[in-house]
Amino acid sequence: MKNGLVQILSQPMDRRTAITVAGCAVAGAATAAASVANAINPFASPESREASRLEWQRYFQENYRLMSEEEKTEALLRLERLHQLKHGGRISVSGAEPIEKVLFGYAFNVSKCRGYLECVSACIRENNQDRASGMAYIRIHEHRNGEFDFSKASDTFDHPVPAEGHFYLGTQCFHCQNPPCVDVCPVKATWMEPDGIVVVDYDWCIGCRYCMAACPYDARRFNWQAPEVPEADLNPNQHYLGNRMRQKGVVEKCTFCIQRSRDGRNPACVEACPTGARIFGNLLDPQSEIRWVLANKKVFRLKEDLGTDPKFWYFMD
Amino acid sequence: MTALRSFLRYGIGEATRGGPAYHLWMALLTLLMCVGLFAYCVQLDQGLAVTGMRDQVSWGFYISNFAFLVGIAAAAVILVMPAYVLEEMDFKRAVLIGEAVAVAAVLMAIAFVVVDVGGPARLWHVLPGLGRMNFPRSMLAWDILVLNGYLVLNLGIPFYLLFTRFRGHTPDRRRYVPFVFLSILWAVSLHLVTAFLFAGLPARPYWHSALLGPRFLATAFTAGPALIILILVAIRRHTEMPVADRTIEKLAMIVTVAAQVCCVMSISEIFTETYRSTHHSHSARYLFFGLDGHNRLVPWIWSSLALQFAAAGVLSVHRWRQRLPVLLAACSALVVAIEIEKGMGTIIPGFVPEPWGKVVEYAPTWVEFAVGLGIFAMGAFVFTVLAKVAIPVELGKVRYTGPV
Ligand code: SF4
Ligand code: SF4
């Protein structure tokens, strides 16, 4: 042992190792730097530079629930501008806050539903759901009379409705008052608003899908690929916590059409239903139709035993 | 400082030096990592749609391997306790290997979570301080903390020991034994927390069981030491490090008892789910017998059970267990059985049928396999480097004698 130090026969590092390490570092840095580079690139068009800068700011923005008023306004404007820069069209992204003394609830009339699926398509259009993968928030289950076993019902029926000897029942997000999906999210990207709507911040969600595993009602949908909505079909009246365009790799769900309900309108499914099977309203208002249903009909909820306390009731005439 | 620098210099030198076989092995691992990286790029580009996962089965191969590897990591504690606390000399040598396995397994587990998330770029949202961690409510937040803490402990303790030895001193028990105790507690909670991640979901009746936590521990203490036996035997054959027969024998005893406990738990589960089967048993029925003509997991789970029971049976006979080839075969069988049991026997059937009773089956795609292969290669790479650096120091072959 010369020198008292360990003898180090330094042989060159295995070539491939060196290349991989370097390759990874370069690839990582490149992706991260791409938008910055474009933002300061004097040869890029001003539009694409602005878009890159806005994307960069958007990447570092705070969880929506914890933003200041100013930050919220900035985030909304940023989304509108980004859409204009990328697609040319104009959208309006609202940040309407919950109205005081409002708690939304929903009731579904099993006797009336006839399986027309108007609600499903209205929901897809209203909420800008990915057309390519055929995503839908609402599922209509066709049960045979005399049976109430969901595993035997069909939600892919493709025949004239109502089918003889069958009845229909829809499920979607029940906006549980004690939502398990909210508890499990590791980054607080999903929460219940004061008006009872369970929402997701699509810019904060990391796409771990823990909430999907936790939801007992199959209410959550994941963007397995980048969602696509043709510009002509896009609903431009959007809400930050509602139907604004999602990105690849995040979770979304029914929001009781937050962009409409906070504006005093009914959700799209309620409006679209030709039989009037769907009833929506303010649970805190004794005069509301939903309160009338709860007071005068025999109502029930699904999977009560799980203690989720859904704000979604079923009843029959 | 000079000592530290020379230690690091020694480490890097040792890791990059070796015979042709060593270089070939590392080159092979690097090649596999490149394949994994390529597949991951495809996934980043096109989204998780390139995997077999869908809204109904929203976790698959990645999370299954995550759960399996957390178990392997936790099982390193089996060596730590006797070695450091009871001062068992035979375990002293093996424990460093156990810790290197733990480090590699934790890194692989973290990698499997990273490749599973839809927005890896936004992962900074989970960092304490920077992001908004949902602590203590979310079990996933707990798991992130516990995993990283375990990684630090398993890097720190061996580093302290090796570095002191490198400088020619004797490690001071008062300095490291408290951390050893901590890491023992940590290992058990690590795997319990991972089980609670699943057991805390009433939405999935198959997981929502008090047996899940103990079961995770029992399978971990089977597969972990079994894997370590295989590694120790390989190390004894290929390096100068002596591994006493007694170490292997004691580990084999642990594997045997843990495997027997696993068998009892399997029987208990099958009985409860089948004797008076309810709607909540649909997942188990799907897993063991198939449901509505869907039976993709059936051959897997029965092979896994067969391997597990056969290995446990063989190991229970003292004379057989003491024969090395039999022991190695049984250990390999157990590692395979439990890898299958974690994924195809635990994680995936939890999602089938989906909450409204429809059966949607899952099968991993080539992207998932390639990414997984890359991650396993990364783990093997890390382990090889750690072991190669640690062994000569542990054997007292290299010493620092320069200025302090
Ligand atoms: S239905 Fe599912 S997604 Fe909706 S609030 Fe309840 S648990 Fe959450
Ligand atoms: S997928 Fe998104 S919203 Fe759901 S738990 Fe993960 S981070 Fe939260």
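Per chain, numbering begins at 1; letters A, B, ... match sequence-line order.
- Dense packing is recorded around CH2 of B:Trp207, with more than 12 heavy atoms of other residues, nucleotides or ligands lying under 6.0 Å away.
- Contacts of B:Leu201 with chain A are made by side-chain atoms alone, with heavy-atom separations under 4.5 Å and no backbone atom involved.
- Annotation: maximal heavy-atom pairing with chain B below 4.5 Å, among A:Val250, A:Leu306, A:Thr171, occurs at A:Thr171.
- Judged by distance alone, the side chain of B:Trp356 and the main-chain N or O of A:Tyr217 form a donor-acceptor pair under 3.5 Å.
- Contact count versus chain B (heavy atoms, under 4.5 Å) is highest, among A:Val187, A:Leu302, A:Val251, A:Asn223, for A:Val187.
- Here the CZ-CG distance, from A:Phe60 to B:Leu130, works out to 9.0 Å after rounding to the nearest 0.5 Å.
- Neither the backbone nor the side chain of A:Ser133 comes within contact range of chain B; no heavy atoms are under 4.5 Å apart.
- The NZ atom of B:Lys358 sits 9.5 Å away from atom CG of A:Asp218, with the distance rounded to the nearest 0.5 Å.
- What you find for A:Lys248 and B:Asp45 is that their closest heavy atoms are NZ-O, 3.0 Å.
- Of all the listed residues (B:Gly47, B:Ser138, B:Ala15), the one sharing the greatest number of non-hydrogen pairs under 4.5 Å with chain A is B:Ser138.
- For a residue to count as touching a neighbouring chain, one of its non-hydrogen atoms must lie under 4.5 Å from one of that chain's; by this rule A:Val182 touches chain B with the backbone only.
- In this structure, the portion of B:His282 lying under 4.5 Å from any heavy atom of chain A is its side chain and not its backbone.
- Listed options B:Gly357, B:Pro353, B:Gly118 were ranked by heavy-atom pairs under 4.5 angstrom with chain A; first place goes to B:Gly118.
- Around the CZ atom of A:Arg144, the shell of radius 6.0 Å holds no more than 12 heavy atoms that belong to other residues, nucleotides or ligands.
- In terms of heavy-atom pairs under 4.5 Å with chain A, the best-connected choice from B:Arg137, B:His125, B:Arg122 is B:His125.
- Panel note: side chain B:Asn134, backbone A:Asp183; a donor-acceptor pair is recorded below 3.5 Å.
- In this structure, the portions of A:Asp155 lying under 4.5 Å from any heavy atom of chain B include both its backbone and its side chain.
- A donor-acceptor pair under 3.5 Å is absent between the side-chain atoms of A:Tyr210 and the main chain of B:Met139, judged by distance alone.
- Residue-environment remark: CZ (B:Phe38) stays at or below the threshold of 12 foreign heavy atoms within 6.0 Å.
- When B:Pro355, B:Cys41, B:Pro120, B:Pro205 are compared by the number of non-hydrogen pairs under 4.5 Å with chain A, B:Pro355 comes out ahead.
- Contact annotation for B:Leu127: neither backbone nor side-chain heavy atoms come within less than 4.5 Å of a heavy atom of chain A.
- Contacts of residues 57-64 of chain B with chain A at a heavy-atom distance below 4.5 Å involve B:Ser58, B:Trp59, listed in sequence order.
- Contact annotation for A:Cys215: only backbone heavy atoms (N, CA, C, O) come within less than 4.5 Å of a heavy atom of chain B.
- For chain B, the option among A:Ala189, A:Ser154, A:Pro180, A:Cys205 with the highest count of heavy-atom pairs below 4.5 Å is A:Cys205.
- Contact of A:Asn63 with chain B is made through the side chain alone, with heavy-atom distances under 4.5 Å.
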| Given B:Met53 and A:Arg209, is the side chain to side chain contact (heavy atoms under 4.5 Å, CB included) satisfied, shown in steps? | CA-CA 11 Å; B:Met53 295 183 276; A:Arg209 308 189 293 291; 3.4 Å; yes
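- Within 6.0 Å of the CZ atom in B:Arg5, the count of heavy atoms belonging to other residues, nucleotides or ligands does not exceed 12.
- For chain A, the nearby part of B:Trp124 is the side chain; its heavy atoms alone come within less than 4.5 Å.
- Of the atoms belonging to B:Gln46, it is backbone heavy atoms, and not side-chain ones, that fall under 4.5 Å from chain A.
- Looking at A:Ile206, the atoms closer than 4.5 Å to chain B (heavy atoms on both sides) sit in the backbone and in the side chain alike.
- Of the listed residues (A:Cys185, A:Ala214, A:Cys208, A:Pro186), the greatest number of heavy-atom pairs within a distance under 4.5 Å of chain B belongs to A:Pro186.
- To the nearest 0.5 Å, atom CZ of residue A:Arg220 and atom CG of residue B:Asp55 are 12.0 Å apart.
- Rounding to the nearest 0.5 Å gives a distance of 11.0 Å between CZ of B:Arg54 and CE of A:Met212.
- The most heavy-atom pairs under 4.5 Å with chain A, out of B:Gly131, B:Pro202, B:Ala121, B:Ala141, come from B:Ala121.
- Residue A:Lys152 does not touch chain B at all, counting heavy-atom pairs closer than 4.5 Å.
- Among A:Met135, A:Arg221, A:Arg139, the residue making the largest number of heavy-atom pairs under 4.5 Å with chain B is A:Arg139.
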